Amino acid sequence: MSVLIVGVSHNSAPVWLLERLASPGVDSVHKLVTDAAGCAHVAEATVISTCNRLEVYADVERFHGSVEQLSTLFVERSGESTETLLPHLYVHYDDGAVAHLFQVAAGLDSMALGEGQILGQTREALRVGQELGTVGPALNVLFQQALRVGKRSRAETGIDRAAPSLVTAALERARPTIGDVAGRSVAVLGAGAMAGLTTATVSRLGAGDIVVLNRTAARAERLAAEYSARPAPVESLGFELAGVDLLITCTGATGTQVSADLVREARPDGRPLAIIDLALPHDVDPAAGELPGVQLVNLADLAASQHESEAGAEVAAVRSIVTEEVAAFLAARRQASVTPTVVALRSMATSVVDAEMSRLDGRLPDLDPAVRAEVLHAVRRVADKLLHEPTVRVRELANESGAVSYAAALAELFALDPDAVTAVTRPPVPEEPAR
C-alpha cells in the first residue's frame, strides 16, 4: 500500500477554479471523503479542504487506477470538462506524498508562508477521516507525524513570526489605503472560524470599533462578545459600510454578498475604504475594487504576493526540519515494512522447533524432562543464531533506497506462506460493543 495525493491549490489553479471546487458546508467535505474511500483500490482516505486548497489523501493499492478515479471526483465536483481541470491537478505518490504533507503542515506550501491555520485544518482532516471510519493505520500515522512536524517547525524556528498569517498578510496589503489597523473601525462579515481569526487579529492590533455581521444573530453575538465588538444583522451591512475604514468578508456562502452597487451607495463621496475578501467562493464583486477610494484585496492578490524572501533564514531552517523528518519517517516505514516478514520467519522457525521436539517426544517417550528442556533450549538457540544475521541485515538493507524488496527476497528464500506474513499486518477485528 502507498500514499497518494490528488489535489489543487493556489499554486496550481486560478481562483475561479478553486471557487468552483469549494463547496461550502461540512456535508460537502464528508461526501468527498466517503466518495474517495469508496473508489476501487483505495483502502483509506481523507481530505484537506481550505480556502486555497483541496487535496484528497488516500492509501492505495494501485497507482494508475486510483489517480484516474480520484481525478474524476474533482472533475465532477468542479462542473468543468476534464480537459479544463486536469492541467491544474497535481499528484504526489508515496515518498513524494509524505514530503508534500509535511511541507503543508509546516506552512511552506501556504498562500501566506508559515501561517498557522493549516495545522488546525490538517488536524480536522484527520478527525473527519477518523469520524467517518475512512482513516486507518497508514493515514493515521502519516497525519499524526505531519502534525508533529508542523508543531516542531514553529517551536524551533520563527517561521510563524517571519511569515504572516493569511489575515495579517491581507492587512499588510491594505496598508496603503488605511495604514495601521490601530484605531480604525472594522466590519467583519461572517462568524465562522476564519471570521473568528479575523476578529481576534484586528482586536489584537488595536482596532477601534469592531462590528460583526452575520445572518445568524446568535453566532454574531457570541463572536462579538469574545472581543468586545458589536453584533449586527447582515441586513445592516450598507449602513455599517458607510462608517467603517475596513471591511473583511469570510462568509463561506455561495454567490456575491457585497455588490459594487452596495459599496457605491454606502460611499458616494469616495472616502478611503479597504475591503479584504477572504472567502472562497468570493464574497465581494470584483467591480467594487474599481470604485473611487476603494481598495479590494482578495485571495488572488494574496496568491500573487511572495513572502518567502522576507523569511529566508526561517524558511531554510524549516526546510531542513522537514527534510530530516521525511527521511526519518521513510526510514521507519521501510523498517516497519519488513517487520511482518521477520515475525513470520521467526514464527516459522518456532513451529519447526516445536514439530521436531514433538517427533523427539514420540521416539523417546521416557526422555528425562531436564534433558528435554536442555535439548529444547539448545535447538532454539541454534535457530535464533541462524536467523539473527539475516533478520538484522534485512532491516539495515530496508533503509537503503532502491527497487529491491528485501522483505520479499527473504520471504522467497525461506518459502514463507504469504498468508502468514499478511496475518501479522492485519488489524484485529473490533469487538462488538456491549448492548
Side-chain angles (χ1 to χ4, degrees), residues 1-82 84-93 97 100-101 104-105 109-111 117-136 138-140 142-143 146-147 192-194 251-255 279-282 299:
M1 304 290 282
S2 298
V3 179
L4 171 68
I5 301 172
V6 178
V8 60
S9 75
H10 63 280
N11 290 321
S12 68
V15 170
W16 67 264
L17 184 54
L18 290 173
E19 291 180 348
R20 288 288 185 90
L21 288 165
S23 297
V26 172
D27 291 344
S28 175
V29 174
H30 285 196
K31 183 178 187 305
L32 182 57
V33 173
T34 53
D35 286 349
C39 291
H41 316 301
V42 173
E44 303 176 24
T46 192
V47 171
I48 291 183
S49 176
T50 77
C51 62
N52 53 51
R53 80 173 60 247
L54 183 67
E55 295 175 338
V56 173
Y57 289 74
D59 186 38
V60 301
E61 298 172 353
R62 290 176 52 187
F63 173 76
H64 293 291
S66 303
V67 168
E68 183 177 348
Q69 290 180 329
L70 294 178
S71 299
T72 299
L73 294 180
F74 279 81
V75 172
E76 294 171 351
R77 188 179 179 92
S78 70
E80 296 290 332
S81 66
T82 301
T84 299
L85 180 64
L86 288 187
H88 299 289
L89 287 181
Y90 49 79
V91 173
H92 298 288
Y93 184 64
H100 177 76
L101 177 57
V104 168
D109 197 58
S110 295
M111 184 177 291
Q117 297 169 61
I118 188 61
L119 264 183
Q121 292 156 343
T122 304
R123 187 178 296 105
E124 176 66 7
L126 176 59
R127 186 198 65 78
V128 167
Q130 291 172 334
E131 181 181 286
L132 296 177
T134 60
V135 162
L139 290 186
N140 184 68
L142 176 63
F143 270 72
L147 290 170
M194 180 62 79
T251 68
T254 56
L280 190 65
H282 64 76
L299 291 176

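This is a predicted model, so every value here is computed, not measured.
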Measure the [atom1]-[atom2] distance between [X] and [Y] for me, rounded to the nearest 0.5 Å.
| X | Y | atom1 | atom2 | result |
| --- | --- | --- | --- | --- |
| Leu4 | Gln69 | CG | CD | 11.0 Å |
| Glu55 | His92 | CD | NE2 | 7.0 Å |
| Cys39 | Leu70 | SG | CG | 5.0 Å |
| Gln130 | Arg127 | CD | CZ | 9.0 Å |
| His88 | Leu18 | NE2 | CG | 9.5 Å |
| Asp35 | Arg77 | CG | CZ | 9.0 Å |

Quick check: do [X] and [Y] have side-chain heavy atoms less than 4.5 Å from each other?
| X | Y | result |
| --- | --- | --- |
| Ser66 | Glu61 | no |
| Ile48 | Leu101 | yes |
| Ser49 | Gln121 | no |
| Val47 | Leu54 | yes |
| Glu131 | His30 | yes |
| Thr122 | Leu147 | yes |
| Val135 | Leu126 | yes |
| Ser12 | Leu89 | no |

Counterpart residues, side-chain contact (heavy atoms from CB on, under 4.5 Å), relative to [X] (two or more places apart):
| X | value |
| --- | --- |
| Glu76 | Thr72, Leu73 |
| Glu80 | Trp16, Leu17, Arg20, Ser78, Thr84 |
| Thr134 | Val33, Ala37, Leu132 |

Q. Among all residues two or more places apart in sequence or in another chain, which pass the ring-ring contact (aromatic ring centres under 6.0 Å, His included) test with His282?
A.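 ring-ring contact (aromatic ring centres under 6.0 Å, His included) list for His282, sorted by chain: empty.
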
Q | ring-ring contact (aromatic ring centres under 6.0 Å, His included) contacts touching residues 42-77 (sequence neighbours left out) | A |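 Sorted result for residues 42-77: Tyr57-Phe143, Phe63-Tyr93.
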
Q | Donor-acceptor contact present, side-chain Glu44 to main-chain Ala138, <3.5 Å | A | yes

Q. Donor-acceptor pair, Arg62 side chain versus His41 backbone, under 3.5 Å?
A. no

Over all heavy atoms of both residues, which pair between [X] and [Y] is shortest? Give the atoms and the distance, please.
| X | Y | answer |
| --- | --- | --- |
| Ala279 | Leu299 | O-CD1, 3.6 Å |
| Ile5 | Ala97 | CD1-O, 3.5 Å |
| Ala36 | Val56 | CB-CG1, 3.8 Å |
| Ala13 | Val8 | CB-CG2, 3.3 Å |

Q | Worked check of side-chain contact (heavy atoms from CB on, under 4.5 Å) between Gln117 and Thr50 | A | CA-CA 9 Å; Gln117 297 169 61; Thr50 77; over 6 Å; no

Q) Under the salt bridge (Lys or Arg N to Asp or Glu O under 4.0 Å) test, which residues partner Glu68, sequence neighbours left out? A)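 Once residues adjacent in sequence are excluded, Glu68 has no partner under the salt bridge (Lys or Arg N to Asp or Glu O under 4.0 Å) criterion.
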
